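What you see is a predicted model, and the numbers here were worked out from it, not measured in a lab. All values below were derived from every heavy atom in this structure, side-chain atoms included, with hydrogens, water molecules and symmetry-related copies excluded.
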Amino acid sequence: MASRVSAEEFASWRDDPVTEWVVAELSRAAEAQKAAWTEHSGDSGQCDPLLLNELKTRADAYRALADLSYEDIAEIEA
């Protein structure tokens, strides 16, 4: 098991250009799922609840990863 990192180390990781790129892409992916949800929920004239649930679940997961904080990780670790 990896040793716990400090809040400062986590902040440094979040500020890393690679991390910033990954977080930006996760946010972009969440927005794409949201757009697909909107398209399939009303614009198409049909509503597939399983597809809508899948799109929302993906968007929520991408957003949760992008918004992950040091405290979130520390809570999971506890």
Side-chain angles (χ1 to χ4, degrees):
M1 175 181 256
S3 63
R4 185 178 185 145
V5 300
S6 69
E8 293 79 20
E9 290 168 320
F10 183 84
S12 177
W13 172 77
R14 286 294 290 203
D15 292 338
D16 184 89
V18 173
T19 306
E20 289 177 348
W21 173 71
V22 169
V23 168
E25 291 305 308
L26 288 169
S27 296
R28 197 168 72 103
E31 288 302 313
Q33 298 303 302
K34 183 178 175 183
W37 189 93
T38 300
E39 178 183 334
H40 291 285
S41 66
D43 295 345
S44 69
Q46 296 179 342
C47 180
D48 179 348
L50 294 176
L51 175 61
L52 296 179
N53 186 55
E54 181 179 330
L55 293 168
K56 182 174 183 334
T57 299
R58 279 192 209 149
D60 290 347
Y62 292 144
R63 181 70 58 209
L65 285 170
D67 294 343
L68 205 57
S69 70
Y70 177 78
E71 291 76 18
D72 295 331
I73 298 293
E75 186 176 305
I76 293 168
E77 182 184 45

Worksheet item: Considering residues at least two apart in sequence or located in another chain, which fulfil the side chain to side chain contact (heavy atoms under 4.5 Å, CB included) criterion with D67?
Response: R63
Kindly list each side-chain donor-acceptor pair under 3.5 angstrom involving residues 16-23, sequence neighbours excluded, with atom names and distances?
unit_1: D16; atom_1: OD2; unit_2: V18; atom_2: N; d: 2.9
unit_1: T19; atom_1: OG1; unit_2: W13; atom_2: O; d: 2.7
unit_1: T19; atom_1: OG1; unit_2: W13; atom_2: NE1; d: 3.3

Practice prompt. State whether the side chain of E9 and the backbone N or O of S6 hold a donor-acceptor pair below 3.5 Å, judged by distance alone.
Written response: yes
Worksheet entry | Set of residues satisfying side chain to side chain contact (heavy atoms under 4.5 Å, CB included) with respect to L52, sequence neighbours excluded | W37, H40, S41, C47
Fill in: Set of residues satisfying salt bridge (charged side-chain N to carboxylate O under 4.0 Å, His left out) with respect to R14, sequence neighbours excluded
none
Item to complete: Quick one: list whatever passes salt bridge (charged side-chain N to carboxylate O under 4.0 Å, His left out) with E25, sequence neighbours left out.
Response: R28
Worksheet item: Which pairs count as side chain to side chain donor-acceptor pair (under 3.5 Å) when at least one residue sits in residues 48-61, sequence neighbours excluded?
Response: Q33-R58, E54-R58, K56-D60
Practice prompt. Output, in order, the C-alpha distance, side-chain angles, deciding distance and verdict of side-chain hydrogen bond (donor to acceptor under 3.5 Å, both in side chains) for S12 and D15.
Written response: CA-CA 5 Å; S12 177; D15 292 338; over 6 Å; no
Worksheet item: With sequence neighbours excluded, what pairs up with A11 under the side chain to side chain contact (heavy atoms under 4.5 Å, CB included) test?
Response: none
Worksheet item: Quick one: hydrophobic cluster around I76, which other residues, with the 4.5 Å side-chain cut-off, linked directly or via members?
Response: none
Worksheet item: Which residue pairs pass the ring pair (Phe, Tyr, Trp, His ring centres under 6.0 Å) test when at least one of the two sits in residues 56-78, sequence neighbours left out?
Response: F10-Y70
